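All figures in this text were calculated on a predicted structure; none of them were measured in a lab. Scope of the values below: all heavy atoms of this structure, side chains included, with no hydrogens, waters or symmetry mates.
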Amino acid sequence: MQLSAEDLHVALGRRAVLSGVSLALGSGELVGLIGPNGAGKTTLLRALAGLLTPDRGDVLLDDTPLAGIPAGVRARRIAFLAQSAPVHWGLPVAEMVALGRLPWRAPFAGPSARDAEAIARAMAAADVTAFAGRRADTLSGGERMRALLARALAVEAPLLLADEPVAALDPFHQLQIMELLAATARAGTGVAVVLHDLALAARSCDRLVLLAHGAVLAEGPPAEVLTDPLLAEAYRVAVLRGAHHGTPFLLPWQRLAAPDPMPMETRP
């Protein structure tokens, strides 16, 4: 299954957020969406999920326009984890995770044995089984994100879109969730994840899409995208590099000065 964006343009008010963005997400790959704040990553993910209608361009699911696919079918095909999603209800965590199975259930029907198995698998994978009976609104920020990820995993959709799933997590759970997403991709799911941690992006993702100023600045394997010139252009940072047991890593180390403005007489 493939989810693709073709020449997406999105404006919020007078500000262009996405300008001509195209990409594809296929089965069995983990794609990282990276870029500075305001680059359009969340907007792109929401457009791919069908939660936002682009001003121009198309989002296609296996060559079918996403807008023409019934909402129930989309919900079974694409699982979505929002950034910093709030929890305002006092449901037990297990019942909140069970909401991920709603697209598969007939109206007014209770959960099936298959639903129960999917819920248990998702909770174990996200390491929230111990929270099953706790009220969701009593969880810490990191615990809540893991529970919400479990809800998205419980859908068992062929495509998973996750917006900054490790932002509120401690290092142990950051590594655990990225390993989980990589394993989910290896099992055949197409996974797109918004990340700010460049080291995790380099280590975990099959392919990176670097956004800057609402456009794709670079796309490809991590080694081809996380170059010094591209990182300087997108983030205005210099990085330190190294390797551990043959695996390269990088660490943002120094802010770079803003480029000098173009002299008035040379501007077009």
Side-chain angles (χ1 to χ4, degrees), residues 5 7-25 29-48 52 81-84 141-142 145 161-171 173-175 177-179 181-182 185 191-244 247-263 267:
D7 193 30
L8 292 190
H9 293 256
V10 176
L12 299 179
R14 295 185 176 182
R15 185 172 73 92
V17 181
L18 296 178
S19 302
V21 171
S22 299
L23 64 83
L25 171 66
E29 64 173 344
L30 175 56
V31 176
L33 304 181
I34 62 172
N37 293 334
K41 302 180 298 296
T42 293
T43 298
L44 174 57
L45 208 68
R46 287 178 58 82
L48 289 170
L52 181 154
L81 174 63
Q83 177 189 54
S84 303
M145 180 56 73
L161 310 179
D163 194 358
E164 295 193 44
V166 301
L169 303 186
D170 58 65
H173 285 103
Q174 286 185 342
L175 292 172
I177 294 306
M178 291 310 299
E179 290 167 5
L181 294 177
V191 182
V193 55
V194 173
L195 293 168
H196 279 296
D197 190 313
L198 299 180
L200 287 177
R203 182 178 178 183
S204 304
C205 295
D206 303 308
R207 181 161 53 92
L208 297 177
V209 178
L210 173 59
L211 294 171
H213 307 295
V216 175
L217 182 60
E219 178 180 357
E224 295 180 8
V225 173
L226 298 175
T227 66
D228 289 346
L230 286 171
L231 294 177
E233 182 176 351
Y235 291 99
R236 287 174 49 206
V237 297
V239 300
L240 293 181
R241 299 179 184 273
H244 183 67
T247 300
F249 64 85
L250 71 164
L251 176 67
W253 191 254
Q254 182 179 7
R255 293 182 297 117
L256 300 176
D260 292 332
M262 186 182 300
R267 293 180 187 178

Item to complete: Mind jotting down which residue pairs meet the side-chain hydrogen bond (donor to acceptor under 3.5 Å, both in side chains) criterion with at least one end in residues 224-236? Sequence neighbours excluded, please.
Response: Asp228-Arg241
Worksheet item: Which atom pair, heavy atoms only, marks the closest approach of Pro36 to Ala234?
Response: CG-O, 3.3 Å
Worksheet item: What distance separates Leu8 CG from Leu48 CG, expressed to the nearest 0.5 Å?
Response: 7.0 Å
Worksheet item: Between Leu18 and Gly40, what is the shortest heavy-atom contact and its length?
Response: CD2-O, 3.5 Å
Worksheet item: Below 4.5 Å, heavy atoms only, C-beta onward: do Met145 and Leu81 meet side chain to side chain?
Response: yes
Discussion item. Distance check, rounded to the nearest 0.5 Å: Thr42 atom OG1 versus Leu211 atom CG?
Written reply: 10.0 Å
Item to complete: Using atom types as modelled and distance alone, determine if a side-chain donor or acceptor of Lys41 lies under 3.5 Å from a backbone N or O of Gly35.
Response: yes
Worksheet item: Do the side chains of Ser204 and Leu181 get nearer than 4.5 Å, heavy atoms only?
Response: no
Worksheet item: What distance do Ile34 atom CD1 and Leu226 atom CG have between them, rounded to the nearest 0.5 Å?
Response: 5.0 Å
Item to complete: For residues Ser19 and Ala215, report the shortest heavy-atom separation together with the two atoms involved.
Response: O-CB, 4.0 Å
Discussion item. Quick one, Leu175 and Leu200 - any side-chain contact, counting heavy atoms below 4.5 Å?
Written reply: yes
Practice prompt. Apply side-chain contact (heavy atoms from CB on, under 4.5 Å) to Ala238 and list each qualifying residue two or more places apart in sequence or on a separate chain.
Written response: Gln254, Leu256
Fill in: Heavy-atom closest pair, residues Ile177 and Pro165
CG2-CB, 4.5 Å
Practice prompt. Start with the C-alpha gap between Arg203 and Met178, add the side-chain angles, then the distance that decides, and say whether side chain to side chain contact (heavy atoms under 4.5 Å, CB included) holds.
Written response: CA-CA 9 Å; Arg203 182 178 178 183; Met178 291 310 299; over 6 Å; no
Item to complete: Enter the distance from Ser22:OG to Asp7:CG here, rounded to the nearest 0.5 Å.
Response: 5.5 Å
Practice prompt. Heavy atoms only: give me the nearest Gly214-Val21 pair and the separation to one decimal.
Written response: O-CG2, 3.2 Å
Item to complete: Can you measure from CG (Leu240) to CG (Leu251) and round to the nearest 0.5 angstrom?
Response: 5.5 Å
Fill in: Atom pair CG (Leu33) and CG (Asp163), whose distance is rounded to the nearest 0.5 Å
8.5 Å
Worksheet item: At their closest point, which heavy atom of Gly38 faces which heavy atom of Arg15, and how far apart are they?
Response: O-NH1, 4.1 Å
